[in-house]
Each structure stands twice: as C-alpha cells, then as structure tokens.
Amino acid sequence: MFSYTIKRLLTVIPVLLGMSLVVFFMIRAIPGNPAQVILGQKATKEAVEALTHKLGLDQPWYVQYIKYLGGLLKGDLGESLRTGVAVSQEIWPYLAATLELSLAAMFIAVVIGVNAGIISAWFQNSWFDYVAMVLALVGVSMPIFWLGLMEQWIFAINLDWFPTSGREDVRNPIEAITHLYVIDTLMQGNTDQFVQTLQHLVLPSVALATIPMAIIARMTRSSMLEVMKSDYIRTARAKGLSMFWVVYKHSLKNAIIPVLTVIGLQMGLLLGGAILTETIFSWPGIGRYIYEAIGYRDYPVIQSGILIVAMIFIFINLIVDLLYAAIDPRIKYN
Amino acid sequence: MKKRWLLTMLTFLLAAATALAGCGKSEQTGGGKTEEAEKQTTLVYGRGGDSVGLDPATVTDGESFKVTKNIFDTLLDYNDGDTSIQPALAEKWEVSPDGLTYTFTLRKGVKFHDGTDFNAEAVVFNFERWANGNADTFPYYGSMFGGYKNDEGHVIKEVKALDEHTVQFVLKRPQAPFLKNLAMVPFAIASPEAIKKYGDKFGENPVGTGPFVFKEWKRNERIVLEKNKEYWLEGHPKLDKLIFVSIPDNSARLNALLKGEIDIMEDLNPSDLAQVEGNKDFQVFKRPSMNVGYVGLTVTRGPLGNKLVRQALNHAVDKQAIIDAFYAGQAQPAKNPLPPSIPGYNDAIQDYPYDLEKAKQLLAEAGYPNGFEMELWAMPVPRPYMPDGQKVAEALQASFAKIGVKAKIVTYEWATYLDKVAKGEADAFLLGWTGDNGDADNFLYALLDKDSIGSNNYTYYANDELHNILIEAQTVSDENKRNELYKKAQEIIKEDAPWIPLVHSTPLLAGKANIEGFNPHPTGTDKFTKVQFK
C-alpha cells in the first residue's frame, strides 16, 4: 500500500508538467494582451507597450515558460499581473472559501444522495422511488443560475431564513485565522458568528449540491439494486436478519465502490467548477478567482490556479483509490 | 414492514428540516436587530467588481476611482450634478490672460490621514511624481497632460510652491480643459510621507485628505472606509463607515438590497426597475447620462467603406423602439457621439430619420441594390450604455434585414472582443463610452480622431479636416470659439457616419428609502461626504 501510494504520487509529476504546458499555451492562444486588459479600454498605446515590456510578455514563449517552470520548482507560483501580489500568498483565502463550500455541498449531497439511492433501491418501484428519481433527473438538469436566484428569492427575501450572498455579514465581519470560517469562528469561540457562517453556507451549498446529489442518488440506486439481487443477500435475509441490517450493512458495503468513485470525481468538479454558484452568491472562491483572472488575462494566476486545482483533483482521486482497499478487502495494492 | 421504515425515515427528515429552518429564522431576526441599530451610520454600497488598486494615479478602472474618490481630494472638484468646477483643496484660483499661468490658493489647516500637513509642497510633490513617471506607471497623467516631463507634448512646464498655501502651474501652451482635468479622480493629492513610506505598496495603503480613511481591503469581497473626523468640510462626512462590497451578478445584487444586506446597489437592470419603484422601502437613483452606446461601422471593411452604405444603415435603425424594449425607457436616442449635457454639443444637427425607403435608395446608389452580408458584433457584457448587447444586436439584425442587409451576429469573451475590435476585425460592432471629465475632447478626439486609431477609434475612421479642427480645439482657451469648433466637428462626423449613435442611457441605481444626500454623479464616481440615513 505504501509503495503504491509513492508510485501514484510519482506519476503525478509528469501529469502536472504536461498540464502546466497545456495551460501555458492555451491561455496564450486566446487573443487579448494582458497589459491592454489591465490598463483598460482608455489606455494609450505607449502605456500598453510599457506594461507589456515590464511584465516580460514581449519575450519569446520558451523563455517565459522556462522562467515559469523554474519558479515552480522553487515553489514560486508567480505574481498576479493585476494586483502585483504573489499568487502563493493570494490564493489561500480563495481556496479556503471554495473548500468550505464544496465540503458543505458534498456533505449534503452524500447524506441525502446516498440515502435516497438506498431507499429507492430498497423500495424499488414504490412512490418514493419514482419521486426520488424524477427529482434526481430534475436536479441533474437544473440550471444553477436560476436555482440560486430562486433560492435567494424564496428563502432569503420572502421567508427571511438565510442571507442572500457572501460568506459573512459585512457589518459584523469575521476575523480570519485559517480562512475556513467554520473553524475560525469555533476557534474564537464566537457562537453568533459560527451560526452566521453556517447560515451563509446553506443556500450556496444546497445549490452546489444539487447536481452531485442527483448523480450520487442514481448511482447508489443502480449499484444497490444489483447487489441486492445477489445470493448472499437472500441468504442473509433467510438467516432472519432485519431488512435494515441487510441493506445498510451487507448491501451497502458491496455497493459503495462505484458510488465512491463518483463522489471523488464530483468533489474534484466542485472544487474547480463552482464558478456559477460562486458568482450568484458572490462567494469569493477559487472558481471566481481563476475566472476573473481569465477576464484580465492574468497569466500567472490562471496557470498556478489551475495547477493547484488539478493537484487537489488528483489527490482526491488517490484518496478514493486508497479507500477502496480499506472498504473492500479483496482489493489490494501491491 | 417496508412501509413502517419508509414512514419513520421521512418523519425524521421532516423533523430535521423544520428544526434547521426554525433555528435559522430566529437567528436571522436577532441579527436584523443589531443591523437596525447600526444602520444609521454605516452604509454598504454593492457593486459588480473589485478595485484594481487604490492609488488613483496608477489605475484606469472605474471600480478603483469609486473608492479613491472618497479617500482623496483633488485641487478642484465637479459640482454635484454636472461637470462644472467648484473649489476643493484649492479655495480659489486665478488664470493669467494668456492662459499659461494658473495660481491656486490652497485651503488652510487641512491634514492628511497620517497627520502630516497638506500644503503647496505636497501638491508640487504629487505633480513631480507623476511627471517623472511614464505611461505604464501613471497612465492618465500622460493622456490628460500630453505626456511626461521630457515629452514634447507635455503641457505643464512647471509647478511651483509660491508659499505655504499658494501653488502655481505654468503651462507651455494653453490647455482649454486644464481645470476640468485637475478635478479628475486620478489627480488626487496623496500624502508625500505615505508615498515615501509605502513605495510600491501605496496602492494598498492609500493616504489622502478625503472624507473617509482607508481601513481594510479584502480582495474580491469588500473595502472598508471609516469617517475622517478631521475632515475640512465642517460637520462632514455624515457616515461613520462606508463599505464597498462586490456582488458580480446584477440580480443577486438586487436580492441583497431587497434583503437589507446592502444599502445602495448600482447597475440595476432596467427590467427590474418596476420592482423597485413599486416598493416603498426603496428608491431609485438615476445617474445623469454622460455616456454613449453606439454601433461602430469599420470603414476599412468591404461595403462599409462607402459613406452611402453607412448612411443607409443609419436610416434603418429605430432607436426609440430599442430604448423602449431594452432600456425600459431610461435612455434618450443619440444623434451625436457625445451626450447633450456636454458643452459644445450640436443640437442643431438633424438625425438620420428612421426611413427604410431612403435607406434602400442609398444602398442602391452605393451599388448594393440587393443589400450585402456582414458581421454584427454583440457586446458580451452588460454596461449601463448597453444592458443587453445580444438583444440589441438581434433588434438591429431585424432592422438591417428589412433593407436587405444580412447581419450575422458574432460575439466573443470581453477581452477578446475588445482586442479584435481594436485590430479592425469587426464589420459592425456594438460598443460605448462613459466620459471622464465632461469635456467634448474626451469623446470626439478620444473616439473618432485619426490619432486614436489603434486605441479607442475602433472604426478606423480618419478625416484630416476633422483632425485639424479637433487639434485646434485642444489649444483654444476661449470657450465659445472652442464650442464652435466642436459643433463643426459633429457636422463632419454626422455626414461621414462612421457610427450609428444609439443611445445616451441613464444608469440606474437603487437604495433604501431613508437615504439622503446621495446624488449620483455623471462621471460615475460619487463622493459620500453628504450622504446619510434619515
């Protein structure tokens, strides 16, 4: 298992190298000069030329790439062209915001998705099964933009249960320590702000959870249905075990592997692909950070941001693979 | 057996959901109360984006200026509703008869937020700093004052401190909009000590003399300013705290306003106007128009090179219908490239009337009796002068089709769009402009002079007669003579028709009903000195 982990980690290097090269060229292939975009529509030609030179964008591509790569090896992610701040220093608050949001969303998606899938399989063809699967279909095809605005309209404005957007009340801001506000407010023992943080999390995480929840529910259902047809389940029932026990212990353990794969992939997608949710709920996360950087042609931020998201994606998948072995004794990595 | 399990689980889920919502509700009401108590003195202003930097001389984006306007003061300022000049850090000024020497008497007893004195030396320091820079470091300085220290076009010969409170500017040649330029946000006077102390990081630690003191900046989230208790305007500012928050989506920003999380929002969608107007807890603010939305006709591309074709397209557009449909009536049809509020506007000009027969006739005359095909580029981002580029493009497409011109709608991501348009790759394209200083030069020269090709003259329109007039107008200091020149310029432009001027829109903002003293300024940057809650 240990050597497997090391091996997997080593294969990450060429993947990231290839990734960095692809991203490097792709963003340079889109038209638009960062200097022009930074200085705005009203800048003079001289200003644009001067800034292009200062940013080193007039050098040949291979010089720029080698410099970037050299920096990466030293752990230097570059400096944002727009703000002049080191990406390594700037990126954490955004990453933390996204982590908090995706974990909350994934928690909702897994708890509800897996259980809905199980119950649907257990009571196959019951009204619950039909309703749950129709909802899952709706969930997969729901436009997040619309869903987000509807949530705000219903639950924030009309019912007055939750705030519409942001991570905190700007009139009563949270002092950041780790930038994971759930943890920060707990560390400071500030119950009011802790509750406030959770309330800010509810609407965006529900919006973000919709699609993964639906996918997980469908996957769990089909996987469970397959397992529940097996002989050993019939044996377990014949032995006189209660249905609950049979479903949640015997069947689930065997049905969960493909579900785990889906969960891992979805978690990766949430990390990088929460742009719509982050925009609607003005959540200062990594998706918006990279998206805005694309608008400004802020090359170092795009490159390093995507690289970091990719790294996390790979890492999550590694953890999922290792979990297989922990859950299913038949799987061994040697 | 089966049924019992199902029911138990559903009951449990229902109970959990009710508990969470109940908890949420009680907490929120509690939070609402504290907000109520603070509401009197803290104003939260919701906008679409974040600032780039807070040293106004180094940036060009409106989002930065909106904030720095409140941290810094300029020597002169614009009047509340228009772009005429009023005293600010300079109490009074004298201009020599030849228009070359400007002598300013500065306000006494003014201090920067760091406690140092504002005086003539500080003014000289700031102008020296900019003049010794370049187009990259202080972009606006070069474009408004004709370059930098050693450039031939540089207008300012010398800035000197005559005494503690008197500063004199000597110009190389007269510059008509000189005073208006001084009132622009980028030329705010910053604390020399703070500039020396922070160096490159001054943009994150701005120190001025303005009504509010910089407190905190959390990028992409908020900028917090606090009251300057020593502000020179007696009894002002009224607010204790001013917070700028970024909420990118216009509808989400409106939701935040309706919920009470923010107090003022900008960029209200015209389609949401009715919703706010019908609500007694809120009010609508209309920003006086200083912009233009237009269709550019690139004169270097195919049939559009022919003046008659461009005139024909002008005849084919029903501007009022577009305004009614996509601006909720909050705009006026444009006939010139600059809005009527700007001195030098030529109201005698007749717009090309909406006349399809005339349009067809002109096309036939130009040799295109059956029309032609072209691309029509639609702006991908909403702007006050173009709230929905795609829809306006579709309306134009339908209009053009009526005279046989088949327009294919094309769009790109915003930075790509601007880049390609600037390179002259678009046939017809939607774009717009918001004025910086209320001067005609800032529209006509910036957008349509041949010198501006490659920067903001996207149509590649070049007319030497026009060029000579615009250059002359830059140096004439007699206001009437100058206005005559601009009126003539507008006649030439009308005849050559490089644009279809569409609208001068009224940007909409919305806020709580109990806000007083907020008068949105045509330049798009507002000072919150007099704003308060009832």
Q) What distance separates A:N172 CG from B:T42 OG1, expressed to the nearest 0.5 Å? A) 11.0 Å

Q. With a 4.5 angstrom heavy-atom cut-off, which part of B:K218 approaches chain A: side chain, backbone, both or neither?
A. side chain

Q: Measure B:I453 against the heavy atoms of chain A and call it side chain, backbone, both or neither at under 4.5 Å.
A: backbone

Q | Non-hydrogen atoms of B:A252 and A:I280 that approach each other most closely | A | CB-O, 3.1 Å

Q | Nearest heavy-atom neighbours spanning A:V85 and B:E204 | A | CG2-OE2, 4.2 Å

Q) Is it the backbone or the side chain of B:E216 that comes under 4.5 Å from a heavy atom of chain A, or both, or neither? A) neither

Q. With only heavy atoms counted, which part of B:R253 is less than 4.5 Å from chain A, the side chain, the backbone, both or neither?
A. neither

Q) Got A:Y94 and B:R219 here, is their nearest side-chain heavy-atom distance under 4.5 Å? A) yes

(Q) Please classify the contact of A:F155 with chain B as side chain, backbone, both or neither, using a heavy-atom distance under 4.5 Å. (A) neither

**Q.** Backbone N/O of A:T164 and side chain of B:E261: donor-acceptor pair under 3.5 Å
**A.** yes

(Q) Tell me which of these, B:D50, B:T58, B:V52, has more heavy-atom pairs under 4.5 Å with chain A than the rest. (A) B:V52

Q. Does A:M26 CE have over 12 foreign heavy atoms under 6.0 Å away?
A. no

Q. More than 12 foreign heavy atoms under 6.0 Å from CD of A:E175: is that the case here?
A. no

Q) Minimum heavy-atom separation for A:A156 to B:K259, with atom names? A) O-CD, 3.0 Å

Q: Check the surroundings of atom CZ in A:F145: do more than 12 heavy atoms from other residues, nucleotides or ligands lie under 6.0 Å from it?
A: yes

(Q) For a quick test of reading the model, state the closest non-hydrogen atom pair linking A:S282 to B:S246 and the distance between them. (A) CB-O, 3.6 Å

Q) Do you know the tightest heavy-atom contact between B:N220 and A:R288? A) O-NH2, 3.5 Å

Q | Best-contacting candidate, A:N158, A:L198, A:T52, A:T279, against chain B by heavy atom pairs under 4.5 angstrom | A | A:T279

Q: Verify the neighbour count for atom CG of B:D200: are there more than 12 heavy atoms of other residues, nucleotides or ligands below 6.0 Å?
A: no

Q.
Measuring only between side-chain heavy atoms, which start at C-beta, is A:P93 closer than 4.5 Å to B:E221?
A. no

Q. Where on B:N255 is there a heavy atom nearer than 4.5 Å to chain A: the side chain, the backbone, both, or neither?
A. both

Q) Is chain B contacted by the side chain of A:V48, its backbone, both, or neither, given a heavy-atom distance below 4.5 Å? A) neither

Q. Using non-hydrogen atoms only, which part of A:Y296 is less than 4.5 Å away from chain B: side chain, backbone, both, or neither?
A. side chain

Q: Measure distances from B:I243 to the heavy atoms of chain A and classify the residue's part below 4.5 Å as side chain, backbone, both or neither.
A: side chain

Q. Would you say B:K241 and A:R171 make side-chain contact, with heavy atoms under 4.5 Å?
A. no

Q.
Counting heavy-atom pairs under 4.5 Å with chain B, which one of A:E292, A:Q196, A:E49 comes out on top?
A. A:E292

